[in-house]
There are 2 protein chains.
Amino acid sequence: MSGAAYAIGDLARQTGTKVETIRWYERDGIMPAPARTEGGHRLYTRTHLERLAFIRHARELGFPLDSVRALLALADDPERPCAEVDAIASEHLSAVRDRITRLHALEAELVRMLDRCGRGQVAECRVIEVLADRTHGHCLSQDHSGSRL
Amino acid sequence: MSGAAYAIGDLARQTGTKVETIRWYERDGIMPAPARTEGGHRLYTRTHLERLAFIRHARELGFPLDSVRALLALADDPERPCAEVDAIASEHLSAVRDRITRLHALEAELVRMLDRCGRGQVAECRVIEVLADRTHGHCLSQDHSGSRL
DNA sequence: ATGGGACCTATAGTGGCTATAGGTTCAAGC
DNA sequence: GCTTGAACCTATAGCCACTATAGGTCCCAT
């Protein structure tokens, strides 16, 4: 059908993806295995290129690969209601906002520490003091989802 | 010298750390190996407890373990200038602010996508459209540090 | 025909833990 | 002293999404 075929390096250049990442996507299963040359080099089609572009774009927006998988499945089935897409994106937005909130708290805490850091020695350093202070307790909530603040 | 000795579970309870994490810290080297009972159970001292509390507190503030190691080394040497501590904390603060900035950009992009999502079908879904749009390019900067936005 | 860049596989490493399996030890209660 | 069961032990694999390396093979332009 379509004439153009792409080597893995072409896909990499066109989508700003590392070659290793593309191969990893294939092993992972999110990218379908392409045809091969006699010598074993991968030969991609435009369809592959578009799928990879979609994946990379979603990843740039911070969607985890599982969400990308779900979004791809929805994109491949245009009659499904948009609400499912909306749900995935909304959930991700919440996660992003959560992280922003936590990072703001962190930032404030760091600023507070640093503000009080004199120019002296470690012995009277507020930063070390704060870190060593066990009475300070766990004011920042524990993160149970892989500690990515 | 000091009488009190703690089991690993005591340390865990007192610092809000999982037992497995404490053992991992020991293998990692950031926590020194404690004495053992005849049967092989770990016996910690107050020094261990304080060190673990320091580590956990720094981790709560998002310092990577390598920075925690550096901070511990400084804390153990009270004559060193406070500026070194300041530098580590300031660098971390910059990193946190960077992440906040990137997450804000992300949030805006997600909101923009979602705002335009109608109640229809995937076929005309803006979210899918945006993700599939290769002309959209790489407006969000690539993250080379482990993709933790 | 040859050179070298692009490609191949397989494996290990990143960070910071978490989880599981399968066994041993300790301390409290009887 | 004996039993129970919670807490402890080691070793290993898994998480996420790649990245890096080693050691080889292929393709194409000259």
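All figures in this text were calculated on a predicted structure; none of them were measured in a lab. Values reported hereafter were calculated over all heavy atoms of this structure, with side chains retained and with hydrogens, waters and symmetry mates removed. Note on naming: letters A, B, ... go to the chains in the order of the sequence lines (proteins, then strands), and numbering restarts at 1 for each one.
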Does the side chain of [Y] come within less than 4.5 Å of [X]'s, by heavy atoms?
X	Y	answer
B:H92	A:L114	no
A:V130	B:H57	yes
B:L74	B:I88	yes

Kindly state which residues belonging to residues 23-33 of chain B come within less than 4.0 angstrom of DNA chain C, counting heavy atoms of the residue only, listed by number.
->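 B:W24, B:Y25 - these, ordered by number, are the residues of the stretch whose heavy atoms sit under 4.0 Å from the strand.
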Check: A:D115 side chain, A:R112 main-chain N or O, donor-acceptor pair, under 3.5 Å =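 Answer holds: no.
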Of A:F63 and B:G9, the one whose closest DNA chain D nucleotide lies more 5' |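 Going by which nucleotide is closer to the 5' end, it is B:G9.
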Could you check which residues of residues 64-73 of chain B get a heavy atom under 4.0 Å from DNA chain D? Sort them by number, please.
->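 Output list: empty, so none.
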Distance from B:C125 atom SG to A:R80 atom CZ, nearest 0.5 Å?
->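 Interatomic distance, B:C125 SG to A:R80 CZ, rounded to 0.5 Å: 12.5 Å.
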Can you measure from NE2 (A:H104) to CZ (B:R97) and round to the nearest 0.5 angstrom?
->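 The CZ atom of B:R97 is 10.5 Å from NE2 of A:H104, to the nearest 0.5 Å.
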Stepwise side chain to side chain donor-acceptor pair (under 3.5 Å) test for A:H48 and A:T45 | CA-CA 5 Å; A:H48 287 104; A:T45 64; 3.0 Å; yes
Considering just the side-chain nitrogens and oxygens of [X], establish if one lies under 4.0 Å of OP1 or OP2 belonging to [N].
X	N	result
A:T21	D:dT19	yes
B:R56	C:dG16	no
B:K18	C:dG16	no
B:R59	C:dG15	no
B:R42	D:dC9	yes

side-chain contact (heavy atoms from CB on, under 4.5 Å) involving A:A12 - partner list, sequence neighbours excluded |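 Checked A:A12 against side-chain contact (heavy atoms from CB on, under 4.5 Å); matches are A:V19, A:I22.
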Could you pull out all residues at least two apart from A:T21 that satisfy side-chain contact (heavy atoms from CB on, under 4.5 Å)?
->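 Scan of A:T21 (side-chain contact (heavy atoms from CB on, under 4.5 Å), adjacent residues dropped) gives A:T17, A:K18, A:Y25, A:R56.
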Candidates B:I55, B:L71, B:V68 - the one meeting side chain to side chain contact (heavy atoms under 4.5 Å, CB included) with A:L131 =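 The single option meeting the side chain to side chain contact (heavy atoms under 4.5 Å, CB included) with A:L131 is B:L71.
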Following the transitive rule for hydrophobic clusters with a side-chain heavy-atom cut-off under 4.5 Å over Ile, Leu, Val, Met, Phe, Trp and Tyr, establish whether A:L49 and A:L43 coincide in one cluster.
->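 No.
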Atom pair distance, as rounded to whole Å: [atom1] in [X] and [atom2] in [N]:
X	N	atom1	atom2	result
A:L52	D:dC18	CG	P	10 Å
A:I22	C:dT9	CD1	P	13 Å
B:L11	D:dC8	CG	C1'	14 Å
B:D10	C:dA27	CG	C1'	13 Å
B:I8	D:dA6	CD1	P	19 Å

In B/S/- notation, 5' to 3', how is nucleotides 25-30 of chain D contacted by protein heavy atoms closer than 4.0 Å?
-> -SS---
With the side chain of A:E20 defined as its heavy atoms from C-beta on, choose the nearest nucleotide among D:dA20, C:dT9, C:dT18.
->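 Nearest listed nucleotide: D:dA20.
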What pairs of donor and acceptor atoms, side-chain ones from residues 26-33 of chain A against any protein atom, are under 3.5 angstrom apart with sequence neighbours left out?
| unit_1 | atom_1 | unit_2 | atom_2 | d |
| --- | --- | --- | --- | --- |
| A:E26 | OE1 | A:R42 | NE | 2.7 |
| A:D28 | OD2 | A:R69 | NH1 | 2.7 |

